[in-house]
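Worksheet for the structure shown next.
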Amino acid sequence: MAMTEQPTDPAGQESARRASGDERGPARGGEGPEAAHERVNRRWNEILQETRVTQTGVQILFGFLLSVAFTASFKELEALDRGIYVTTVVLGASATGALIAPVSMHRFLSGQRMKDDLVETAGRLMMCGMVLLALTIGCTLLLILRFVVPGVLAEVLVGGVMLWFGLCWYVLPLGLRRRATRRSRARARARARARARDDA
């Protein structure tokens, strides 16, 4: 029984793959651009993973805050500390609502062909929820440290922690994104110069 050899033609296979519409592969890593529906599905899956992580933290913290009101020492709180506690609980509830909202939106909008809008809105809600979560943690820390640390040292420590949160959660990612944008522009300029030399 004779076997016919298939010629190995990577360029031809690549052309056939693109012609058949099977042009997959993420835009990162140099494997080629990803399709629009693949990109939106990837972004949605990333949002779900991020939501799972943040929901666990905010739910544990919110449960702790609710239990504080039923302790014996809660009646001994001063008016200022009660105000901090109420603010903290409201911030925690708001963070919980913002971080769980993408799940509710997905349930209501499932099958409506609105995943692009859903991903954009869910991303904004996640950012809002992260800000509220950071404020909740800061207020919780302030409420606890006012009992443990004398004087204004509690406020100084909380300010330092919030500064650290801002650095880790916002400044660092924005700096990395800006650096990636500069690298992308530099690569684009280098490709343009290379094309200009080839044309010359």
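Residue pairs meeting the salt bridge (charged side-chain N to carboxylate O under 4.0 Å, His left out) criterion with at least one member in residues 129-146, sequence neighbours excluded, are Asp81-Arg146, Arg146-Glu155. For residues 171-184, no residue pair satisfies the side chain to side chain donor-acceptor pair (under 3.5 Å) rule, not counting sequence neighbours. Judged as a ring pair (Phe, Tyr, Trp, His ring centres under 6.0 Å), not a single pair has a partner in residues 136-155 (not counting sequence neighbours).
Summarising the geometry, atom CG belonging to Leu157 is positioned 13.5 Å from atom CE belonging to Met162; distances are rounded to the nearest 0.5 Å. Rounding to the nearest 0.5 Å gives a distance of 6.5 Å between CD of Glu50 and CD1 of Ile47. Of the inter-residue distances, the one linking Ile137 atom CD1 with Leu132 atom CG reads 11.5 Å to the nearest 0.5 angstrom.
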Scan the side chains in residues 88-96 for donor-acceptor partners under 3.5 Å anywhere in the protein, sequence neighbours excluded, and list what turns up.
| residue | atom | partner | partner atom | Å |
| --- | --- | --- | --- | --- |
| Thr88 | OG1 | Ile84 | O | 2.6 |
| Ser94 | OG | Val90 | O | 2.9 |
| Thr96 | OG1 | Gly92 | O | 2.8 |

Side-chain donor-acceptor pairs under 3.5 Å in residues 122-129, sequence neighbours left out?
none

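Ile144 and Phe70 fall into different hydrophobic clusters, where Ile, Leu, Val, Met, Phe, Trp and Tyr residues are linked whenever their side-chain heavy atoms come under 4.5 Å apart, directly or through other members. The cluster map of Ile, Leu, Val, Met, Phe, Trp and Tyr, joined by side-chain heavy atoms under 4.5 Å apart, puts Leu135 and Leu99 in the same cluster. Linking Ile, Leu, Val, Met, Phe, Trp and Tyr residues whenever their side-chain heavy atoms come within less than 4.5 Å places Leu133 and Trp164 in a single cluster. Residues Val158 and Val152 do not share a hydrophobic cluster, defined by chaining ILVMFWY side chains whose heavy atoms lie under 4.5 Å apart. No continuous path of ILVMFWY side-chain contacts below 4.5 Å connects Leu163 to Tyr170, so the two sit in separate hydrophobic clusters.
Between Thr71 and Ser67, the shortest heavy-atom distance links the atoms CG2-O, 3.6 Å. Here the closest heavy-atom approach between residue Arg82 and residue Leu77 is recorded as NE-O, 3.5 Å. Contact between Leu65 and Tyr85 at its shortest, heavy atoms only, is O-OH, 2.6 Å.
More than 12 heavy-atom neighbours from other residues, nucleotides or ligands sit within 6.0 angstrom of CZ on Arg43.
Between the side chain of Ser104 and the main chain of Ala101, no donor-acceptor pair closer than 3.5 Å is present.
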- Could you go step by step and tell me if Phe62 and Thr136 meet the side-chain contact (heavy atoms from CB on, under 4.5 Å) rule? CA-CA 9 Å; Phe62 191 54; Thr136 304; over 6 Å; no
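Partners of Phe165 under the ring-ring contact (aromatic ring centres under 6.0 Å, His included) rule, at least two apart in sequence or in another chain, are Trp169.
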